Amino acid sequence: MRRLSSPITAVLAAVSTLVGAGAVALTSVVAVVATAPPSAALENGLARIPPMGFNNWNTTECRAVFHEAMVKGVADAFVASGLKDAGYTYVNIDDCWAEPQRNSAGNLVPNRTRFPNGIKAVADYVHSKGLKFGLYTSAGTKTCNRDGGFPGGLDHEQQDANLFASWGVDYLKYDNCNNQGRDAVQRYTKMRDALKATGRPIVYSICEWGRSDPKVWTWGANVGNLWRTTGDISDNWSRMVSLLKQNEKLAQYAGPGHWNDPDMLEVGNGGMTTTEYRTHFSLWAIMAAPLLIGTDLRKATPETMSILLNSDVIAVDQDPLGVQGTPVRAQDGLYVLVKPLAGGDRAVALFNSTDRPATISATATEVGLSEAPAYRIRDLWTDTTRETAGVIRAGVPAHGTALFRVGVDRWWPLYPPAVDLAVEPELAYPGATPIAMPGRPLTVTSTVLNSGRLPALLPRVDLAVPEGWTARATSPRLTPLLGRDRSFRTTWAVTAPGRPLTIGGVVYAKGLGAHAPGTIEYYAGGNCSAVRAAVGVDDEKDPNGSVAFQIWADGVKVADSGVLTNTMPAASLQADVSGATLVRLVTTDGGDGMNSDHADWADAQLTCS
Ligand code: GLA
């Protein structure tokens, strides 16, 4: 069996129309421009839009790979890859840049191994590329690094600020570790004043994690340009979503010069799928979060770069109105987030936090647009502009986000109507996990819906399936005309690749195909007596596979095949499991790593009363 884990995406082609354009009166509408929340800003004139740049922490932490050449390489990558042109400006370094002790004059000393030429040399290099340079320390006696930390700025504020300014620092991240229980407002205000006294413009990033009482977002605007609202991000889906949920409630505190900071980006670090990284980037943009890249840009893949360089999404984040978007609806894990933009447009994110594909929709009124005959709607990930009569809708894959820019536009008849597509696989029962059996076609229904004001001419549906899969239309995929609010369904036979279990040339109709090492556990509740199976390494892999198969009855191993390889026929394995509460089928990697270890339990049978 195979789960439909890679989403089936459908592609709509050749949808265009100008039919009837003349029949619809054009109305020009004045857009309502929302005003920024009134919080007072720190008076340093900086960060009028959320800072964009890089910080090494998420990719290197304190490992030895963090050093001068790396930072310079990142600055080079900013220029070479177009990130600089896209608006990324700050090349920031995090913890572990310093020696563990101050010098005899009480000054911080750059780590001699990582930064043999000092910090100023790095800052000069970054500046020579037309970029800005950021540094890190903590509002405590030591920084946060788990190896004991490096000297912090508490009670050294002016001396450290002067040193940073003399090195050409443009951005300071001021952390919260080892703060000796002293008042947060006082600690952070003291560094604010010290930075100001240097006379150098330095963006001030408060890294207090939202711990103090009163909360940092209630006093942060007077003290810093941005403040962390959460603990640290990590490179996984659930952590990223949890930060979103904490940060999205705080929109009223953000504005030009003072931003909520849900922590730096993990895009490109490998712990999430491309769909999830697009969601991460879309949500940070709609929340007007700082966009600090946290991946090693010297090694970033084209896929990572295409996310980080999406200028339409960046423009949502960097919009001069400076309003943090908020959810207008959140139900059953499906979110509609809206960010008012300068000029009256709205950015709208349709975010599916669930594990199933879903169709999410909102109306133009709901997202705050004024009445109009139709609206311009731009999909910021597919780069297409269409017209909608008022519904903003998308079929969104599990963990995905559709991001739109929607606005009143009197030229709307020039755009093709917005059509969206829902794809529904046939399910064993309502709510079941969609399953495709290799070789056995699964029925999938696609539904195209026209939410444009005008009819769509000749819409045609293509179903894109993962490599090795096939999709065949079993009903027409083309229709001459699709009117407003009309839908068009196509059924598809989708076949997953795969072969039956085969060991030593013998084909088995049933059984369990697993990848070693692993454990399949059954609750037997004392009611089962025997297990038997023909076990072996599946023929589908090269001759390197080697697996040992074991049967366990509770804590006791009751059968062991010894190591079997691809070149061997199936072995018959059986065991008495009478009275066992749990029966476990265990596969080991045969002692040589898991490569090619496709472990088959063919004809597996558990006999129970
Ligand atoms: C804290 C911060 C992180 C990072 C580390 C460095 O955990 O929240 O962003 O700066 O310290 O030690």
Side-chain angles (χ1 to χ4, degrees), residues 50-67 70-71 74 90-100 108 110-111 114-115 119 122 133-154 160 164 169-182 184 187-188 191 202-212 215-217 220 223-236 239-240 242-244 246-247 250 259-269 271 280 284 289-296:
M52 287 175 67
F54 166 87
N55 175 298
N56 66 287
W57 181 254
N58 287 348
T59 174
T60 69
E61 298 196 345
C62 292
R63 288 189 301 279
V65 290
F66 166 48
H67 48 53
M70 186 227 176
V71 183
V74 166
Y90 291 94
V91 176
N92 296 350
I93 67 175
D94 211 279
D95 203 352
C96 305
W97 61 265
E99 284 289 328
L108 294 165
N111 181 285
R114 297 181 199 269
F115 297 101
I119 296 296
V122 184
F133 178 74
L135 198 61
Y136 161 101
T137 186
S138 181
T141 47
K142 288 186 163 207
T143 65
C144 291
N145 163 38
R146 283 176 224 104
D147 306 334
F150 298 93
L154 191 64
D160 290 354
F164 299 158
V169 167
D170 307 298
Y171 184 116
L172 179 70
K173 170 175 171 182
Y174 203 35
D175 213 335
N176 195 30
C177 288
N178 304 301
N179 60 46
Q180 310 305 321
R182 282 165 51 183
R187 284 182 294 119
Y188 285 94
M191 183 55 91
I202 298 175
V203 170
Y204 184 29
S205 157
I206 300 174
C207 180
E208 188 274 344
W209 323 308
R211 291 269 179 85
S212 69
K215 292 295 182 190
V216 61
W217 39 87
V223 180
N225 296 108
L226 59 156
W227 51 84
R228 281 273 297 277
T229 54
T230 70
D232 289 5
I233 196 167
S234 51
D235 187 19
N236 64 74
R239 183 65 183 155
M240 187 273 288
S242 106
L243 300 193
L244 156 80
Q246 296 169 57
N247 197 67
L250 305 172
W259 308 101
N260 289 314
D261 174 8
D263 207 359
M264 304 169 293
L265 299 170
E266 291 283 7
V267 176
N269 283 338
H280 179 20
W284 262 233
L291 298 180
L292 292 170
I293 298 168
T295 196
D296 188 342

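One-based numbering, in listed order, for ligands and for the atoms of each. Given the structure is predicted, the values throughout are model-derived calculations rather than measurements. Values below: all heavy atoms of this structure, side chains included; hydrogens, waters and symmetry mates excluded.
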>> How long is the straight-line distance from CD1 of Ile233 back to CG of Leu243, given to the nearest 0.5 Å?
In response: 5.0 Å
>> To the closest 0.5 Å, what do you measure between CG (Leu250) and CG (Asp261)?
In response: 11.5 Å
> What pairs with Ser212 under side-chain contact (heavy atoms from CB on, under 4.5 Å), at least two apart in sequence or on another chain?
Replying inline: Ala184, Glu208, Trp219
> Would you call Arg228-Asp232 a salt bridge at under 4.0 Å N-O?
Replying inline: yes
>> Give the residues near ligand 1 by chain and number, with the criterion being a heavy-atom distance under 4.0 Å.
In response: Trp57, Asp94, Asp95, Tyr136, Cys144, Asn145, Lys173, Asp175, Cys207, Trp209, Arg228, Asp232
>> For Tyr174 and Tyr188, I'd like to know if the aromatic rings sit close, meaning centre-to-centre distance below 6.0 Å.
In response: yes
> What about Tyr136 and Phe150, are their ring centers closer than 6.0 Å?
Replying inline: no
